[in-house]
Amino acid sequence: MFKHILLATDGSAIAERAAAFAVDLARVHGAKLTALYVVDPFPFIGIGESNPYGFQAYMSAAQECAAQAHARIKTLSETGGAAVQVTPLTVEDAAIYRGIVDAARSEGADLVVVGSHGRTGLSRVVLGSVAARVVAEAPAPVLVVR
């Protein structure tokens, strides 16, 4: 049924559960899996010139986190049965939900898998969750893993 699954990951425990589910689903359907890590835009807003070393440190740390998350998904894909084809993808300088939605569209995914982040209270009302925004805007069905 599914041919191309897009898995959004941030390396968290919730994302790990979503990754295990997505790998199993890809294995059952013989689908390829794209593991997406989205790097938020650099959060520093200052007056005058910004420190380029701060940006470089931020991007270096983000790329290291992406590499670790992709490595864990690759390990998951190689254990527990037939190997699953995993393509790592990192998108930089995008709001997380926008990076996921745009990647789903550009990669031609027919399913998007995301972890729920369990945000509650006022922050959810004001900001909304990444998963909720992806569900609202994705070009394909979205599976939210708790």
Side-chain angles (χ1 to χ4, degrees), residues 1-45 52-146:
M1 179 173 183
F2 299 113
K3 293 182 188 246
H4 188 176
I5 299 171
L6 178 77
L7 165 66
T9 184
D10 61 4
S12 67
I14 293 168
E16 292 277 334
R17 286 195 299 268
F21 197 90
V23 166
D24 287 344
L25 198 56
R27 191 171 281 131
V28 166
H29 290 276
K32 68 179 183 174
L33 181 66
T34 298
L36 172 68
Y37 188 97
V38 179
V39 178
D40 270 325
F42 183 60
F44 179 77
I45 298 175
Y53 295 110
F55 175 75
Q56 291 170 353
Y58 175 78
M59 290 308 295
S60 178
Q63 290 167 350
E64 178 62 30
C65 288
Q68 290 173 4
H70 288 141
R72 285 192 296 271
I73 293 166
K74 183 159 177 53
T75 299
L76 276 172
S77 73
E78 295 170 345
T79 58
V84 172
Q85 175 191 348
V86 177
T87 303
L89 175 63
T90 302
V91 172
E92 298 177 357
D93 199 30
I96 295 171
Y97 83 92
R98 176 58 44 209
I100 295 168
V101 169
D102 290 349
R105 189 171 286 114
S106 67
E107 294 294 315
D110 53 10
L111 178 68
V112 178
V113 177
V114 296
S116 69
H117 288 79
R119 199 183 295 177
T120 59
L122 186 59
S123 65
R124 181 181 170 101
V125 172
V126 174
L127 300 173
S129 73
V130 169
R133 300 225 31 204
V134 171
V135 167
E137 296 187 31
V142 179
L143 175 64
V144 180
V145 179
R146 294 189 142 246

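A heavy-atom distance below 4.5 Å is not found between the side chains of L7 and T34.
Scanning both residues, V114 and A131, for their nearest heavy atoms gives CG2-CB, 4.1 Å. The two residues Y58 and P41 have their closest heavy-atom pair at OH-O, 3.5 Å. Closest of all the heavy-atom pairs between V23 and S77 is CG1-CA, 3.8 Å. L111 approaches A140 most closely through the heavy-atom pair N-CB, 4.1 Å. A103 approaches L89 most closely through the heavy-atom pair CB-CD2, 4.2 Å. Here the closest heavy-atom approach between residue G99 and residue L36 is recorded as O-CD2, 3.9 Å.
Listed by first then second residue, pairs satisfying salt bridge (charged side-chain N to carboxylate O under 4.0 Å, His left out) with a partner in residues 24-40 read D24-R27, not counting sequence neighbours. Contacts classified as salt bridge (charged side-chain N to carboxylate O under 4.0 Å, His left out) and involving residues 54-68 (residues at least two apart or in different chains) are not found.
The side-chain contact (heavy atoms from CB on, under 4.5 Å) search around V28 returns none, not counting sequence neighbours. Every salt bridge (Lys or Arg N to Asp or Glu O under 4.0 Å) that E16 has, sequence neighbours left out, goes to R72. Qualifying side-chain contact (heavy atoms from CB on, under 4.5 Å) partners for A94, counting only residues two or more places apart in sequence or in other chains: V38, V91. In this structure R17 satisfies the salt bridge (Lys or Arg N to Asp or Glu O under 4.0 Å) test with no other residue, sequence neighbours excluded. Residues satisfying the salt bridge (Lys or Arg N to Asp or Glu O under 4.0 Å) test with R98, not counting sequence neighbours, are D102, E137. Among residues two or more places apart in sequence or in another chain, the ring pair (Phe, Tyr, Trp, His ring centres under 6.0 Å) test is passed with F21 by none. When the side-chain contact (heavy atoms from CB on, under 4.5 Å) test is applied to A62, the partners found at least two apart in sequence or on another chain are V39. The salt bridge (Lys or Arg N to Asp or Glu O under 4.0 Å) test applied to D110 returns no partner, not counting sequence neighbours. Legend: residues meeting side-chain contact (heavy atoms from CB on, under 4.5 Å) with P139, ordered by chain and number and at least two apart, are V101, A104, R105.
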Please output the side-chain donor-acceptor pairs of residues 78-87 that fall under 3.5 Å, not counting sequence neighbours, one pair per line with the distance.
{"unit_1": "E78", "atom_1": "OE2", "unit_2": "K74", "atom_2": "NZ", "d": "2.9"}
{"unit_1": "T79", "atom_1": "OG1", "unit_2": "T75", "atom_2": "O", "d": "3.2"}
{"unit_1": "T79", "atom_1": "OG1", "unit_2": "L76", "atom_2": "O", "d": "3.4"}

One pair to check against side-chain contact (heavy atoms from CB on, under 4.5 Å): M59 and E92. What are the steps and the verdict? CA-CA 9 Å; M59 290 308 295; E92 298 177 357; 3.3 Å; yes
After noting the C-alpha distance and the side-chain angles of T90 and H70, does the key distance pass the side-chain contact (heavy atoms from CB on, under 4.5 Å) rule? CA-CA 9 Å; T90 302; H70 288 141; 3.2 Å; yes
Full working for side-chain contact (heavy atoms from CB on, under 4.5 Å) between L25 and I5: CA-CA 9 Å; L25 198 56; I5 299 171; 4.2 Å; yes
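With rounding to the nearest 0.5 Å, the separation of CD1 in I96 from OH in Y37 is 8.0 Å.
H4 places no side-chain N or O within donor-acceptor distance of the main-chain N or O of A31, the cut-off being under 3.5 Å. Of the possible donor and acceptor atoms, none in the side chain of H29 sits under 3.5 Å from a partner among the backbone N and O of K3.
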